[in-house]
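So you know, we letter chains A, B, ... as the sequences are listed, proteins then strands, and number each from 1. In this text, all values refer to a predicted model and were calculated from it rather than measured experimentally.
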Protein chains: 2
Amino acid sequence: MAKKPGTRMTKQRQAILDVLKSTTSHPTADWIYEEVRKIIPNVSLGTIYRNLSILKEMGEIMELDFGSTYSRFDGNPVNHYHFCCTKCNQVIDLDIDIFDTIDQDVSQATGHIVNRHRLEFYGICKDCQKDD
Amino acid sequence: MAKKPGTRMTKQRQAILDVLKSTTSHPTADWIYEEVRKIIPNVSLGTIYRNLSILKEMGEIMELDFGSTYSRFDGNPVNHYHFCCTKCNQVIDLDIDIFDTIDQDVSQATGHIVNRHRLEFYGICKDCQKDD
DNA sequence: TTATAATTAGTAATCGTTATTAATACTAAT
DNA sequence: ATTAGTATTAATAACGATTACTAATTATAA
């Protein structure tokens with residue numbers, strides 16, 4: 001873990017990271033807040049947001065936004081693609097290969113420097129197809 | 001234009017649509033508000049939001065969200081990809097071919113019904129590379 | 001025209017997120 | 001150990017984009 005000098009790994013920050021690393025459910029800040037409260041009952045919501053921001057800066061986690069009014073967070077910082085169910089709003093990791101040359105392709109074609117890309121699919125998940 | 005029975009094309013709605021169709025700059029609701037005010041000075045911001053929502057529902061426009069706290073809107077409802085400059089926050093249309101079979105591919109591989117996908121690239125745009 | 005319901009302007013409320021502040025707790029140097 | 005310095009915290013207030021509400025207006029079809 002790349003530790004910037006001066007940063008401390010507090011029990012709050014560790015708990016937030018642990019919660020995020022232990023799920024693949026792309027939780028919201030509020031869900032993380034509730035989970036961390038089970039470990040540190042008087043943790044503050046502001047602490048959740050501040051640390052999520054710091055952990056993102058550190059490259060430990062990713063922030064996702066899928067057209068909702070709120071963000072979701074992903075404990076896996078390595079690029080991967082997502083499927084979003086427009087019915088139940090579940091976000092599912094996709095196990096498909098990354099287009100690893102596409103950034104360079106776009107860069108050459110356009111002249112913009114491309115650092116990363118994101119790809120998302122929208123539709124109805126397997127579960128939601130059952131209950132129709 | 002697919003017109004749902006009961007919906008009216010008011011001058012406000014028409015103005016909002018005109019403003020959006022006449023730019024490729026992916027404006028915010030607030031920018032659209034300022035532009036429409038030049039035509040209808042006492043138009044309300046709530047009217048902007050309500051109509052953007054309705055026009056999106058009608059398939060006339062698209063709503064974009066790029067990790068900001070606000071949405072951007074696109075007068076071109078046909079799927080296309082975007083480049084977002086992380087320095088100046090400009091959003092640029094990309095003239096690259098759509099992966100038109102990828103939705104089916106993911107659908108078959110996962111069992112989820114895939115209706116659409118979005119692909120975005122992030123980096124430093126041509127303009128911002130100059131002023132370093 | 002007229003009746004009906006969609007739409008509007010204006011404004012208040014909502015809600016996710018961010019900023020503020022005084023208190024706390026690491027960390028390193030004495 | 002004791003201190004000084006500073007990152008971090010809990011609690012709470014503030015913020016800003018968006019949405020909801022309401023009475024008045026206006027497009028549309030009969």
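Looking only at atom types and distance, the side chain of A/D95 has no donor-acceptor partner in the side chain of A/H80 under 3.5 Å away.
C/dG16 atom P lies 16 Å from atom CG of B/D65, rounded to whole Å. Rounded to whole angstrom, the span from the CD atom of B/E57 across to the C1' atom of C/dA6 amounts to 16 Å. If you measure from atom CE of B/M9 to atom P of D/dT26, you get 18 Å, rounded to the nearest angstrom. Here the C1' atom of nucleotide C/dG16 and the CZ atom of A/F73 are 10 Å apart, to the nearest Å. Summarising the geometry, the separation between CD on A/Q14 and C1' on D/dT8 is reported as 15 Å, rounded to the nearest angstrom.
Across all strands shown, the partner of D/dT28 is C/dA3, judged by Watson-Crick or G-U wobble contacts whose two distances both fall under 3.5 Å.
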**Request:** Do nucleotides 8-14 of chain C as a string where each nucleotide becomes B, S or -: B if the base has a protein heavy atom under 4.0 Å, S if just the sugar-phosphate does, - if no protein is that close.
**Result:** BBB----

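A donor-acceptor pair under 3.5 Å links the side-chain atoms of B/S22 to the main chain of B/V19, judged by distance alone.
DNA chain C lies under 4.0 Å from no heavy atom of any residue of residues 23-35 of chain B.
The aromatic ring centroids of B/Y122 and B/H82 lie 6.0 Å or more from each other.
B/E120 and B/R118 are joined by a salt bridge, as a carboxylate oxygen and a charged side-chain nitrogen come within less than 4.0 angstrom of each other.
Atom CG of B/N51 and atom CD1 of B/I16 lie 4.0 Å apart (nearest 0.5 Å).
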**Request:** Give the intermediate values and the outcome of side chain to side chain contact (heavy atoms under 4.5 Å, CB included) for residues B/I113 and A/Q129.
**Result:** CA-CA 8 Å; B/I113 295 172; A/Q129 291 171 45; 3.4 Å; yes

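Between B/Y49 and D/dT18, a side-chain N or O to OP1/OP2 separation shorter than 4.0 Å is present.
Looking at heavy-atom distances under 4.0 Å, B/Y70 makes contact with sugar-phosphate atoms alone, never a base. Looking at heavy-atom distances under 4.0 Å, A/S71 makes contact with sugar-phosphate atoms alone, never a base.
For A/E34, the CD atom is densely surrounded, since the number of other residues' heavy atoms within 6.0 Å is greater than 12. More than 12 heavy atoms of other residues, nucleotides or ligands shown are found within 6.0 angstrom of CD on B/E63.
Residues B/T28 and B/Y33 are not in side-chain contact: their nearest non-hydrogen atoms beyond the backbone lie 4.5 Å or more apart.
Side-chain atoms of A/R8 stay outside donor-acceptor range of the base of D/dT9, with no qualifying N/O pair under 3.5 Å.
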